[in-house]
Number of protein chains: 2
Amino acid sequence: MNAQAPVIGTAPTTEAFAFPSLANGDHLDIEAIRQHVPVRRCKHAAGQGIYHAGQPFQALYLVHAGSYKTCELADDGREQVTGFRMRGSLIGTESIGLKNYSCDVIALEDSEAWELPYPAILRACLHLPELQTYLTSALAAEVRSNRSWMLSLGTLAAERRVAAFLLDVAARYAHLGYSAKHFILRMSRIDMASFLALKHETVSRALSRLDDLHFIAVERREVHMLDVDGLRAMAGTGAALN
Amino acid sequence: MNAQAPVIGTAPTTEAFAFPSLANGDHLDIEAIRQHVPVRRCKHAAGQGIYHAGQPFQALYLVHAGSYKTCELADDGREQVTGFRMRGSLIGTESIGLKNYSCDVIALEDSEAWELPYPAILRACLHLPELQTYLTSALAAEVRSNRSWMLSLGTLAAERRVAAFLLDVAARYAHLGYSAKHFILRMSRIDMASFLALKHETVSRALSRLDDLHFIAVERREVHMLDVDGLRAMAGTGAALN
DNA sequence: AACGGTTTGTAACAGTCTGTAACAGGATGG
DNA sequence: CCATCCTGTTACAGACTGTTACAAACCGTT
């Protein structure tokens with residue numbers, strides 16, 4: 001299904017994640033949800049969108065495989081990647097309260113997300129109080145993640161931002177059970193650059209320099225983390241949790 | 001109560017806002033909440049904090065008068081202003097799901113916020129379904145606001161960011177019933193600069209240049225909006241809603 | 001295996017933003 | 001009332017990032 005080289009490390013099988021671990025460390029029992037919400041599997045080819053800004057808001061999506069980017073669009077054509085989503089991430093929550101989705105979500109590779117119709121979720125919240133709690137916590141965690149990145153983008157120079165980004169990616173892979181020392185970036189330099197508020201050439205330079213400094217070994221999208229402590233020192237410890 | 005010059009325009013009296021208008025255009029009946037939640041008035045002098053990162057998360061706060069800034073802190077001392085809050089804004093939601101607050105909230109001037117103990121809010125949600133809906137919508141709106149600013153910060157040059165910021169402030173004043181053409185900025189250049197991911201000198205220069213171009217008339221913290229359309233053109237229409 | 005298009009890497013150059021400094025205007029407190 | 005502090009403004013030199021251009025590697029297709 002995936003044209004790219006597979007993620008490295010002892011990856012749990014897809015089926016082992018019928019109960020996906022969700023944002024903020026909380027776990028949600030998808031089987032319990034299934035009893036109240038009709039879940040539909042949606043596959044997306046690389047480059048294909050789950051939804052686009054302006055389309056009617058009807059469902060949330062739980063990433064099951066692959067990865068996605070969330071993009072904010074301006075009327076005048078400006079575009080900004082605001083985040084990257086992997087397995088276990090709940091997508092679409094930012095549009096709760098609106099009639100239409102407020103952003104685009106696009107698959108970075110061949111991916112799969114589970115569609116959870118929002119009206120059904122609302123009804124399910126009445127029977128599953130944890131679901132309501134989970135939804136609220138997930139939104140709060142999203143706010144914290146965004147603010148944490150605002151801190152990094154506002155206070156770190158280009159190279160340090162890239163270091164923080166790599167640490168964040170590594171932590172997320174580790175959280176999913178993959179290797180945090182050796183992984184494949186799923187996004188292009190341009191997407192990375194957009195997210196980090198840089199140009200893709202600057203990202204290239206920063207990665208090359210981190211390689212020269214032996215903090216990482218990078219070749220195109222394949223990254224080896226050689227000196228995590230060194231990277232942490234560059235990024236200022238926290239390295240923008242997610 | 002307020003050491004600064006008062007906000008300009010036909011301002012509604014404080015008492016007229018017993019039912020404050022809240023984020024996302026939704027209104028919430030504070031009197032209905034009072035029946036379930038003990039509301040305590042909290043006054044804060046300029047520079048004083050409502051709460052600080054690390055303190056136990058116990059309550060949300062509804063801004064009633066004055067204004068506040070939210071600040072993100074890094075372990076190594078870096079600091080980032082992530083937002084400014086005015087009357088009607090619900091504060092503390094980002095820490096829902098945590099044991100401790102994740103950021104600092106500091107009064108920019110002598111201000112007042114109403115304390116809403118979180119356990120009581122949770123109980124009240126059982127009796128007031130709109131309260132739950134409101135909470136979730138407020139969080140989603142916060143995510144959208146943050147992402148909208150990520151777009152502006154990532155794609156606009158310094159001068160344009162400042163233009164977008166002024167338009168945002170103006171829109172918020174207008175939403176509260178104040179003049180959108182003539183207002184007093186409540187935050188220092190340093191706070192503005194931090195929020196916009198610039199240096200305070202750059203903000204000063206940008207404001208001076210917008211003045212030279214006759215888009216605004218600015219003198220210290222007092223701003224006249226002379227050419228809103230011109231500013232909108234600079235900021236790329238949207239001007240980061242809030 | 002060859003092809004075209006996309007992505008990535010490198011370089012030189014230009015430009016914006018920053019850092020430093022000096023100064024001015026208010027505000028604060030004695 | 002004066003001295004001091006803080007905030008804000010402006011100027012200039014310099015650093016970092018953005019721009020532009022080009023080459024190489026990779027991808028998917030023919």
Side-chain angles (χ1 to χ4, degrees), chain A residues 1-6 45-48 69 78-81 106-110 152-163 165-166 184-212 216-223 234, chain B residues 2-5 45-47 69 78 80-81 106 108-110 152-163 165-166 184-213 216-223 234:
Chain A
M1 168 177 178
N2 192 334
Q4 285 243 323
Q48 192 184 354
K69 63 176 174 182
R78 282 173 298 126
E79 199 176 326
Q80 173 77 18
V81 174
I106 296 168
L108 294 174
E109 57 190 312
D110 293 346
S152 293
L153 302 184
T155 59
L156 296 179
E159 236 165 71
R160 292 167 188 259
R161 279 184 222 178
V162 173
F165 181 77
L166 292 175
I184 309 282
L185 295 169
R186 301 314 175 94
M187 72 294 295
S188 69
R189 294 286 188 270
I190 290 180
D191 286 335
M192 256 179 83
S194 172
F195 178 69
L196 296 174
L198 298 168
K199 296 298 164 185
H200 69 94
E201 294 91 335
T202 305
V203 172
S204 271
R205 274 189 294 230
L207 286 170
S208 298
R209 179 140 169 70
L210 291 177
D211 190 312
D212 292 345
I216 63 173
V218 58
E219 198 182 322
R220 297 185 60 83
R221 297 195 183 184
E222 184 175 1
V223 176
M234 286 196 79
Chain B
N2 193 335
Q4 285 241 324
K69 63 176 174 182
R78 282 174 299 126
Q80 173 77 19
V81 174
I106 296 168
L108 294 173
E109 56 190 312
D110 293 347
S152 293
L153 301 185
T155 60
L156 296 179
E159 238 165 67
R160 292 167 187 258
R161 276 184 224 179
V162 173
F165 180 78
L166 292 175
I184 308 283
L185 295 169
R186 300 314 176 92
M187 71 292 297
S188 70
R189 294 288 188 271
I190 291 180
D191 287 336
M192 259 180 81
S194 171
F195 178 69
L196 295 174
L198 299 168
K199 297 298 162 187
H200 68 96
E201 296 92 334
T202 306
V203 172
S204 267
R205 286 184 281 248
L207 286 169
S208 298
R209 178 136 172 70
L210 291 177
D211 190 311
D212 293 344
L213 293 171
I216 63 172
V218 59
E219 198 183 322
R220 296 181 63 81
R221 297 195 182 183
E222 183 175 2
V223 176
M234 286 196 79

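Computation of the quantities below employed the complete heavy-atom set of this structure, encompassing side-chain atoms and omitting hydrogens, waters and symmetry-equivalent molecules.
Rounded to a whole Å, the CD atom of A:Glu222 is 11 Å from the P atom of D:dC27. As rounded to whole Å, 12 Å separates atom P of C:dT7 from atom CG of A:Leu108. If you measure from atom CG of B:Asp191 to atom P of D:dC6, you get 15 Å, rounded to the nearest angstrom. Put simply, CG on B:Leu196 is 11 Å from P on C:dT18, counting in whole angstrom units. Atom-to-atom, CG of A:Leu207 to P of C:dT7 comes out at 17 Å; the value is rounded to the nearest Å. Remark: C1' of C:dA27 and CD1 of B:Ile184 are 15 Å apart, rounded to the nearest angstrom. Atom CD1 in A:Ile190 sits roughly 13 Å away from atom C1' in C:dG9 (whole-Å rounding). With rounding to whole Å, B:Asp211 atom CG is found 16 Å from D:dG8 atom P.
Taking side-chain N and O atoms only, A:Arg189 has a distance below 4.0 Å to OP1 or OP2 of C:dG9. A:Arg221 has a side-chain polar atom (N or O) that falls below the 4.0 Å cut-off from OP1 or OP2 of C:dT8.
Smallest separation of non-hydrogen atoms from A:Met234 and A:Glu159: CE-OE1, 3.8 Å.
Proximity of A:Arg78 to B:Leu156: side-chain heavy atoms (C-beta onward) are separated by under 4.5 Å at one or more points. Between B:Ser188 and B:Arg221, the closest side-chain pair of non-hydrogen atoms falls below 4.5 Å. Within the 4.5 Å cutoff, the side chain of B:Val162 has no heavy atoms near those of the B:Arg209 side chain. Side-chain contact check for A:Arg161 versus A:Leu153: some heavy-atom pair is nearer than 4.5 Å.
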Anything under 3.5 Å between a protein N or O and an N or O of nucleotides 13-22 of chain D, put it in a table, one pair a line.
residue, atom, partner, partner atom, Å
D:dT17, OP1, A:Ala158, N, 2.7
D:dG18, OP2, A:Lys199, N, 3.3
D:dG18, OP2, A:Thr202, OG1, 2.5
D:dG18, N7, A:Arg205, NH2, 2.9
D:dG18, O6, A:Arg205, NH1, 3.2
D:dT20, O4, A:Glu201, OE2, 3.2

| task | Could you give me the CA-CA distance, side-chain angles and deciding distance for B:Leu185 and B:Val223, then say whether side-chain contact (heavy atoms from CB on, under 4.5 Å) is met? | result | CA-CA 7 Å; B:Leu185 295 169; B:Val223 176; 3.8 Å; yes
| task | In sequence, state the C-alpha distance, the side-chain angles, and the governing distance for B:Leu166 and B:Leu210, and then conclude on side-chain contact (heavy atoms from CB on, under 4.5 Å). | result | CA-CA 11 Å; B:Leu166 292 175; B:Leu210 291 177; 4.1 Å; yes
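Counting non-hydrogen atoms under 4.0 angstrom, B:Ser204 reaches a base of the nucleic acid.
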